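Everything numeric here is computed off the predicted structure, so don't read it as measured data. Nothing fancy with the numbering, it's 1 onward along the sequence. Start at 1 and go down the list; that is how both ligands and their atoms are numbered.
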Amino acid sequence: MEENLETGFNRRRFISKTALASFATLIGTDIVFGHHLPKGIVPVGITHYDQNGPLDGKSPYITILNDRPVNAETLPHLLNDDLTPNDLFFVRNNGIPPFSIDPSTWTLTIEGVSASSKKSYTIADLKSKFANHTLNITLECGGNGRKEFNPPAKGNQWSTGAVGCAAWTGVKLKDVLNDVGVKNDAVYIGYYGADTHLSGDPNKNSISRGVPIAKAMEEESMIAWAMNGKDIPVLNGHPLRLVFGGTPASCSGKWLEKIVIRNEVHDGAKMGGQSYRVPCDAVAPGTKVDDADMCIIEKMPVKSLITSPKTGATIKTNQSLPLKGHAWTSSSKVNKMEYSIDFGKHWKECDITEPENRFHWQQFGADVSFPKKGYYEVWAKATDSDGNTQPIILPGWNPKGYLNNACHRIAVKVV
Ligand SMILES: Nc1nc2c(c(=O)[nH]1)N[C@H]1C(S)=C(S)[C@@H](COP(=O)(O)O)O[C@H]1N2
Ligand SMILES: [Mo]
């Protein structure tokens, strides 16, 4: 490195020391001639590395579904905290995350036919020009629960763990959009992130989705640089990401570099075809649906998760069982939380906290007692302020297995 400087060689054309160090960590050994590696070239050993052991910045207890791209979810009992710790927050990647990230030079550009100007902001600009906010927002992958659909749907076989709630710190998206200027004909925003397509083709995006302009302008729609008071983990979009509650988390663009303000529905990667879409009208399980009859998912349904005890808990007949969990919705809030110990025949009400802000998942609790020894299941069911309730077994089947908000169930043995 020094040699390059002495010979006056322009060091900036080469990969930075920090990027080299993170390459080395991923490979598990030094990259001997790493200082010769031109910027923009990712070592092949990295694009094909095998994932053994914990993911970068993640707990060893997180469940890894795939390693290329990285997808990992969290078991229900590990989601017991009001705010999900960064190392336990699920990861859903469509491509390869950027390896060389320098927050001090990172810029976000906003442009588009429905933008009155084109502006770029560094993270320092965002921090100083706009009011900073911290909101507790739940992110849930549109495919969370896909595993249960029958006939099965292709895609990551998420169980219940592609969800988490964190305290996100950043600025309101609407403050930044207003600074750029939004024309009256604006319909949608689209995002572009710094991750690369799995094929390695720099002209392809792994994903480029967005939200209707009305959603972008909501009070809780954010551009965030911190998660639970710390840097966002690289796998969750460090140094900058979008955060939208109540929509599929695929709208919340990670490694955010660009936002376009469009006068039509954004048509980036994974906006069209069957991606993040469900049949506009309900279909029988197994039906093939034409792309033209599929509608974009703009809202996530009401849902809940029992986070304590862990399924399989054993208690004594004279004991009561403290039940705990979270409930969330895209409407204003969850109004009612119930549980059943007799497979849904009778329901009893749980206590539930108020959300600190919209999209903050709410905490429910109950003391459950059982009439006699035996095997039981505890089922949990949330009802939101729009009157929507979770289905007991499965919601309507759809070709890609989205929006499974069935009641969560745990097994309990009373001895
Ligand atoms: N740039 C970029 N943003 C992205 C993705 C991605 O692959 N690349 N995945 C999306 C999907 S499908 C989901 S569910 C969420 C997951 O966020 P997380 O990995 O922080 O949990 O990020 C969304 N934002
Ligand atoms: Mo997702």
Can you give me a line-by-line list of nitrogen or oxygen pairs between ligand 1 and the protein shorter than 3.5 Å?
unit_1	atom_1	unit_2	atom_2	d
ligand 1	1 (N)	D195	OD1	3.1
ligand 1	1 (N)	D195	OD2	3.4
ligand 1	1 (N)	K254	O	3.1
ligand 1	3 (N)	K254	N	2.9
ligand 1	7 (O)	N94	N	2.7
ligand 1	7 (O)	N94	ND2	2.9
ligand 1	8 (N)	D195	OD2	2.6
ligand 1	9 (N)	R92	O	3.2
ligand 1	9 (N)	N94	ND2	3.2
ligand 1	17 (O)	R241	NH2	3.3
ligand 1	19 (O)	R92	N	2.9
ligand 1	19 (O)	K254	NZ	2.5
ligand 1	20 (O)	N236	ND2	2.8
ligand 1	20 (O)	R241	NH1	2.6
ligand 1	21 (O)	F90	O	2.7
ligand 1	24 (N)	S252	O	3.0

Within residues 289-299 or reaching into it, pairs that qualify as side chain to side chain donor-acceptor pair (under 3.5 Å) - sequence neighbours excluded: Y188-E298, Q274-D291
Pair Y121 and F130, ring centroids less than 6.0 Å apart: yes
Ring geometry between W379 and W347 (parallel below 30°, tilted from 30 to 60°, perpendicular above 60°): tilted
Side chain to side chain, R92 and N156, heavy atoms closer than 4.5 Å: yes
Flag for D201-H197: side-chain donor and acceptor within less than 3.5 Å: no
N86-K230 side chain donor-acceptor pair, cut-off 3.5 Å: no
